[in-house]
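Working notes, beginning with the structure itself.
These values consider heavy atoms only, across backbone and side chains, with no hydrogens, waters or symmetry-generated copies. Everything numeric here is computed off the predicted structure, so don't read it as measured data.
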Amino acid sequence: GLVGWLSERADHQALADIEHAPLARAYYEEMMLALGSTFIYGDTAVCFLPHAGNAEIVGELADLLIRCADVRRVLCGAVVTGQVIVSARTSREGGDAVRLLTPALKGLGHWGGHPNRAGGRIASDGDGGEVTQGILEEVKGRWLRACGVSETRGMRLVTKRKVLDLF
């Protein structure tokens with residue numbers, strides 16, 4: 001079949017090199033900041049980083065957070081080179097990621113995806129200006145409303161005290 005044909009022709013070492021590419025130390029700093037900046041609202045997680053070195057961490061963080069017990073929907077975002085990159089994930093019970101992301105980004109940016117994985121971006125203002133914190137708060141509020149959860153009951157995924165106690 002097609003899978004066998006592709007497998008015979010694939011450069012498995014090249015694929016392994018891509019999948020296990022070396023990561024800069026800054027990546028781990030950003031990941032630690034992200035975990036400490038993640039808030040849980042009911043069964044929905046939200047994490048926005050004020051900046052990230054690359055867009056990949058946003059999707060990787062979303063993939064990690066959707067695995068958290070009792071979390072059915074995740075929205076992650078980061079400002080990367082002057083634009084906001086977002087990734088949404090949902091569990092089977094969490095609804096359609098694209099349908100949830102639509103009201104969060106409508107009129108602000110572009111988005112697309114699949115029922116359980118979606119993503120999008122909000123470009124800078126066009127004059128080289130940075131995306132404002134107000135836009136991030138707007139997207140967060142819209143996402144939580146689309147998910148039907150209250151914005152007032154957020155709890156940190158990992159408290160700063162817990163992180164400090166580990167050291």
L100 to A146 - nearest heavy-atom pair and separation: CD2-O, 3.3 Å
Listed partners of S37 passing side-chain hydrogen bond (donor to acceptor under 3.5 Å, both in side chains), at least two apart: none
Contact check, side chains of L157 and C68, non-hydrogen atoms, under 4.5 Å: yes
Side chain to side chain contact (heavy atoms under 4.5 Å, CB included) between D63 and R89, intermediate numbers included: CA-CA 7 Å; D63 290 338; R89 301 290 186 269; 2.6 Å; yes
Same apolar cluster: M155 and W143, side chain cutoff 4.5 Å: no
Residues R153, Y41; criterion side chain to side chain contact (heavy atoms under 4.5 Å, CB included); working and verdict: CA-CA 6 Å; R153 297 194 199 133; Y41 301 86; 5.5 Å; no
Chi angles and distances behind the side chain to side chain contact (heavy atoms under 4.5 Å, CB included) call for T44, V71: CA-CA 6 Å; T44 303; V71 170; over 6 Å; no
Gap separating the CD atom of E30 from the CZ atom of R25, nearest 0.5 angstrom: 14.0 Å
Nearest atoms (heavy-atom pairs only) where A123 meets Q83: CA-CB, 3.9 Å
R9 atom CZ, over 12 foreign heavy atoms within 6.0 Å: yes
Within-4.5 Å side-chain heavy-atom neighbours: L108 and R142: yes
Note, K106 side chain near W111 side chain (heavy atom, < 4.5 Å): yes
Residues which pass side chain to side chain contact (heavy atoms under 4.5 Å, CB included) with E8, listed by chain and number, not counting sequence neighbours: none
Test side chain to side chain contact (heavy atoms under 4.5 Å, CB included) applied to A34 - qualifying residues, sequence neighbours left out: C47, L49, L61
Closest approach of A45 to I40 (non-hydrogen atoms, all atoms of both residues): CB-CD1, 3.6 Å
Expected output: side-chain R72 to main-chain E93 donor-acceptor under 3.5 Å: yes
V79/F48 under side chain to side chain contact (heavy atoms under 4.5 Å, CB included): CA gap, chis, key distance, verdict: CA-CA 8 Å; V79 178; F48 281 111; over 6 Å; no
Nearest heavy-atom neighbours spanning T90 and G95: OG1-O, 2.8 Å
Approximate separation, where rounding is to 0.5 Å, of S91 OG and R67 CZ: 13.5 Å
Flag side-chain contact, heavy atom, 4.5 Å: V158 against T38: no
Spacing of I122 atom CD1 and L136 atom CG [to the nearest 0.5 Å]: 7.0 Å
Close side-chain approach of E151 and F39, heavy atoms under 4.5 Å: no
ILVMFWY cluster, L64 and L33 together (side-chain gap under 4.5 Å): no
For R73 against I66, the heavy-atom pair lying closest together: N-CD1, 4.0 Å
Nearest atoms (heavy-atom pairs only) where A52 meets I57: CB-CG2, 3.9 Å
D70, CG: over 12 other non-hydrogen atoms inside 6.0 angstrom: no
Residue that, paired with K140, satisfies side chain to side chain contact (heavy atoms under 4.5 Å, CB included) out of I135, V46, L75: V46
